[in-house]
Amino acid sequence: MSKFFHLKFKFCYYLVICALAFGFSLTGCSSKKLSSKPTINVWHWMTDREAAFQELAKRYEDKTGIKVNFELYAPSDIYAQKVRAAAQGRTLPDIYGLLGEKRDFAAFIKSGHVADLSEVMNEENGVWKECFFSKALEVVEFKENNTYAILPGIYGAPIDIMNIQMLYNKKLFKKAGLDPERPPSNWEEFIDNINKLKKVGVPGLVSGWGEIWMIDCFASNYAFNIMGEDKVIATLKGDVPYTDPDWIKVFSLFKELVDKHALVSGVVIMKNKVAEQTFANERAAFAFNGSWCINVYDGMNPHLEYGVFLPPKVNRKNPMYIWGGGSSFSFLVNDRSSKKLEAIKFLKWLTDKDQQAYLSSQTKNLPSNKFALAEIPKILAQFADGMDSATHPSIWPVNEFPGVIEALGKGIQLILIKEKTPEQLAQELQAIKEKESSRIVSN
Amino acid sequence: MRIFKNIYVKSIIVILCFILAELIYQKSHNLRFISPIIILLAVALLIILVTKIILAKQFKSFLFIVPALAIFSIFYIYPFIKVLQLGHYSWDGILPTMKFVGLYNFIEVIKDKVWWQSMFNAGYITLIALTFQNALALILALACDRQMKAGNFYRMIFFIPPVLSEVVVGLVWQWIYDGNYGLLNHWLVALGFNNLTKAWLSDPHTALTCVAIVHSWKGFGWGFVILLAGLQTIPKQLYEAARVEGATSWQVFKNITAPLMIPVFVLVAILTVLGSMQSFILILTMTDGGPGFHTEVPVTRILSSMIGSSRFGYACAQSIIFGAILLAISFVQKRISQNMRQA
Amino acid sequence: MQIYRVKKTFTNILVHLLLISVSIACLFPLLWMFGSSLKTQATVFSDMSIIPQQPHFENYVTAWIDGGFGRYFLNSLIYTFTVVFGIVLVSSLAAFAFSRLEFPGRKAFFIMLLAAMMIPLPGSFVPLYVLMVKLHLVNTRLGYVLCLINVGLSFSIFLLKTFFDKMPKELEDAARIDGCNRLGIYRHVALPFVKPALAVVVIFNALNVWNEYVLALIIFNSKNLMPLQRGVMMFRGEFLTNYPLLMAGLTIAALPIIILYLLMQKYIVKGVISQAIFQ
C-alpha cells in the first residue's frame, strides 16, 4: 500500500513539474505591453543588414515616436516558406520582403497581401518615385496588360539593388604580364587572357555554378548578347525553339570554357560562398559575382586588388546585358494591415537619401535611391555604372517555366562535366518546354 | 445507469470547455493563452470518453497511450489529411483558389525520370549506410562493450559527428574532397597514387559515393549508441557461462549476442533506412543535388517543386508517394525480421 | 597459454588501431571548428594550421554578445528540458502499453505512429502553420513545445518498444505477484530495465531540439522566443558569412550537448540489468 502511495506521489510530482514548466513557458509570451503608439512590424531575411536596420528603427522612433520592430528570419529558403505559411494563416506583418519569382509576387498581389504604392509614389509630382533607379523600380512594377492580369501599379519599395558582373584580380594580371587596368573587352580576348594566365599557373574563371541561378544568369547574359533581347523574349513566349543555332551557341560557350580548361576545378558544384573564398585567396583570376561581394572580399582579404567589368561580349554588334535590380531586396506593405498608412510613411522615410546613404555605407550595397550615390566607395561606383546594362527576369514581359529554368541550369552543369553536348541540351530543353506549356493548357 | 450518467456529465463538460475556450479568446486579450490548454484538455477528455464507452474493460491499458494519441492526432492527423487532399490539386501555395486535378499530380510524379533518379540515389546512400555505417557501428559497439580502460574516451569521441553542425561537416569534407587543395588528393599524391587524384565531388562517378560516405560518417554514432545500449541489456551471466565452457569470441557472438540482439538490429536497420532516405541537409550544403541530378534525393526534389517551382500540390503528391514507398520498405524489413526470429 | 596470450594482445592492438583511426576521423572536424573559431575572417581559409599562432579568444565573447546568446541560450534550455521531459513521459507510457498491455486497436495505432515517421516534414509546414493559427498556438512557447514533442514521439516510441519487448516475462510476473498493478510494473520494473534506451531517447531528442531551427522560425514571430540556433544564424548571412564567429557560436552550441551525452553515458553502459533482476 505504501508502495502504491509512493508511486502516486511521485507521479503527481512529475505532473506538477510539467505544469510548472508549461506555465513558466507561457508567461514568457503573455507579458506583451500595450503601448498607445502603433508598432510597425517588419519581416526580412537579410542578415547582413540587420544591425543597420535596427539603428534606423531607433532613429525613426526618436523622430516620430512610432516604434518599428524589425524581425530577421534567415536563411532565405526557410524565410520563403514562412512568408507563404503566414500568407495562408493571414498573419503577415505590416511590411515584409518577399522571396520568389515574379509569378509568386503576382500571386501575393492577387491574394490581397500587397498594397499598391503607386498613388503615394506619384504624389507631389512623383518625388518619391523619382528618387529611385528606374531599373530598381521596374522590378516591383506591373505595367498595363501584363501577362499576370495584375492591375498596373507599383507594389513595393526597393531597399537596395545589386547587379552581377565580372571581376578580375589585378595582381594576378600583372603576374601574367597583362595590363592590370585593361580587362578583356570581348570573348576572344577573355580566352586569350586566360591562356596567358594559365601559363604562369593561375586558374581562370571561378563562379558559384553549383547554384543553378548563377548559371542561369550567365547563360541569359550571353543569350541577350548573342541573339538580342527580342529573340530571347520570343523564346520565352515559345515562338523560337531552344534548338535555334543561337541558343546552341550560348550553350557552347560553356563547352568552350571546359574544353580550354578555363574554369577552376570543381566549379560545377561550387557554392557561391566557396567561389568567393577562391577568388579572395587569389586562386582564380576572374570571378563572375554580384555587387554584394565587396563586403565579402573586404573581410576575407583586405589587400585584394580587383576591378569590375561587364562580361566580355561574344557578339560585338549587340550590347551586353547583366542581371540587376533584384525584387528580393524590396519591401512590400501588407494590404490587410491596420497600420498601412504608417507603414507606407516609414518606407518613404527609409528610402530617403540620408537613410539610403547610411544603409549603403554600413552594408556596402548599392542604394536604390540614386541621390544617395554621392559618397560610395570606388569599387561600388564601378558596379553602379553597370546599372545601365542591367536587366532581370522580373522586368521581362514573360517568364520561363521553373521546370525549364531548372533543366537549363542542371543541363549546363552536365555540359561542364562533359556528360551532354550543347545540341542534346537544346533538344531536351525544347521537349521540356513543350511539356510544360501543354500542362498549363490542359489544366 | 451510473456510467451513462457519468458520461453524460462529462460530455457536457467537454462542450462547455470548447465554448469557454472560444469565449476567453474573444473577450480577453491577456488570457488568450489559456484557451489552447482548455481545448487540449477537452480533446483529451473527449478521447477518454469515446474510448471508455467502447472498451470499458481494457480502458486502463488504453489510458497509457492516450497522451501520445492526443498530441499525435492534433499535430499530425490534420496536416496529413491536408497534404493528402492538396496532392489532388494544382496549387501554387499562395493563391486562395486551387484547381482539382484528380490523380494528375501522382501520374506526373510516376512518369518523372528525375524523381526516380533521386529515389535511386537515396537508395544508394541508404545501401552504403546500411552496410558500411552499421558494420562500423556494430564493430565499435562490440569493442566498447568489453571492459576497457579507454572505453569512456572512445564512447565520447564516436558521438562527436552527430553533434557537429552540418555547416562544419560540409565545410570540412568539401575541403577534404577539393580537387586542387584537397586533403584526400594530398594524401594520394604522398602515397604515390598520382593518377587517382580528382575533384571528387564534381566527378559524376564519385560524387554520390562521396556524399554517402560523409552521411555514414555523420550517422554511425547513433547506430553505435543504440547498439551499445542493446548490448548492455544482455545479462553478463550469459557471457560468463559461455566463457567457462571455453567458447571463442566468435562463438559467443554467434550464439549469444546475435540472437538476443536481433530486435535491436532490426530497429537500427529501420532507423538507418528512414534516416538515410530522408537525409538532405548534408546534400544541400555540399552539392545541392549537382552535378546535374547526380546527387539529387527525393526530399530536395520535394523542396524544389514547393519553393523553386511553386507547385505545392505536386510537392504534396511527391511527399505522399515517398512516404508510401518508405512505409512499404519498413514493412518488408519487419516481415523479414519476423521470419528470421521464427527460424 | 602463451599462444593464447599472443593472440589476445594481437587482437587488442588491432582493435585499438581501428578505434584510434576512427577517433581521428571524428576528432578532426571538431578540432577544425575549434581552430577556425580562433582565427580571423582573413586567415580562416588561408592559414591552414589547426591552432593558429595568435588565437583570438575574444571571438567567443563577440559571438556571445553579437549573437544575443544569453536570451537564446535560456530559451533553448527551456525548450529542450520541457520537450525531452514530455517525450520521455509520453513515449515510455505508450511504448510500454504497445509492448506489454492488451487493448483493441493496439496494432493499428502502432502502425499509425510508425507511418508518421515516413512522410517528410517539409511537405506539411503550411497545413501545420494554418492549424497552429486556428489553435492560437502561433508565436507561443506551448505551440513550439507541443510540435517538437510530436516530432520526436514516433521515433522514441519505436525505440522504447523494441527494448520493452526484450524484457523477460519473469520480471513482470514476479512484480505482479508482489502486488504491482500496471502502473507499478511500468514504474518499478519496466523503466529501470530500459534505462539505457531511455538515455538514448534523451540524448537523441535533446540533440534534435537543441539544433532545431526550421520549426522555430516558422512558428515564432518574436525573436525573444527564438532558440539558440537563431543566434548562430546571425553569422551566416545570405551573402556574407563571418566564419570565425560562426565557428565560435557553433562550438558554444555544441558544448551543452556533449556535456549531456557525458552525463547520460553512464546510464547507457552501466549494467543496469543485473540490478533490475536482484532488486
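Quantities reported herein were computed from a predicted structural model and do not represent experimental measurements.
- With sequence neighbours excluded, the residues forming a side chain to side chain contact (heavy atoms under 4.5 Å, CB included) with A97(C) are F64(B), I65(B), L101(C), F103(C), listed by chain and number.
- Using a 4.5 Å cut-off between heavy atoms, I325(B) does not touch chain C at all.
- Contact annotation for V268(B): neither backbone nor side-chain heavy atoms come within less than 4.5 Å of a heavy atom of chain C.
- For chain B, the option among M33(C), H136(C), M132(C) with the highest count of heavy-atom pairs below 4.5 Å is H136(C).
- In this structure, the portion of L274(B) lying under 4.5 Å from any heavy atom of chain C is its side chain and not its backbone.
- Heavy atoms closer than 4.5 Å to chain C are found in the side chain of I139(B), but not in its backbone.
- Both the backbone and the side chain of F204(C) have a heavy atom closer than 4.5 Å to some heavy atom of chain B.
- For a residue to count as touching a neighbouring chain, one of its non-hydrogen atoms must lie under 4.5 Å from one of that chain's; by this rule I160(B) touches chain C with the side chain only.
- In this structure the side chain of L153(C) never reaches within 4.5 angstrom of the side chain of Y76(B), judged on heavy atoms.
- The parts of I226(B) that come within reach of chain C are both its backbone and its side chain, each placing non-hydrogen atoms under 4.5 angstrom from that chain.
- In this structure, the portion of L183(B) lying under 4.5 Å from any heavy atom of chain C is its side chain and not its backbone.
- Residue L142(B): no heavy atom, backbone or side chain, is found under 4.5 Å from chain C.
- Heavy-atom distances place the side chain of F96(C), and not its backbone, under 4.5 Å from chain B.
- For L30(C), the parts lying near chain B are the backbone and the side chain together; criterion is any non-hydrogen pair under 4.5 Å.
- Using a 30° and 60° split on the angle between ring planes, F159(B) and Y261(C) fall in the parallel class, below 30°.
- Using a 4.5 Å cut-off between heavy atoms, S330(B) contacts chain C through its side chain alone, with no backbone atom that close.
- At a 4.5 Å heavy-atom cutoff, the contact between L260(B) and chain C is made by backbone atoms alone.
- Remark: Y78(B) pairs with K134(C) by the side-chain hydrogen bond (donor to acceptor under 3.5 Å, both in side chains) rule, at least two apart or across chains.
- In terms of non-hydrogen atom pairs under 4.5 Å with chain C, the most contact-rich of P79(B), P67(B), S165(B), P162(B) is P79(B).
- Neither the backbone nor the side chain of L231(B) comes within contact range of chain C, judged by heavy atoms closer than 4.5 Å.
- When side chains are defined from C-beta on, I37(B) counts as touching L142(C), because their heavy atoms get closer than 4.5 Å.
- The most heavy-atom pairs under 4.5 Å with chain B, out of V232(C), I20(C), I87(C), T11(C), come from I20(C).
- Options L159(C), N211(C), L18(C) differ in how many heavy-atom pairs under 4.5 Å they form with chain B, and the most are formed by L159(C).
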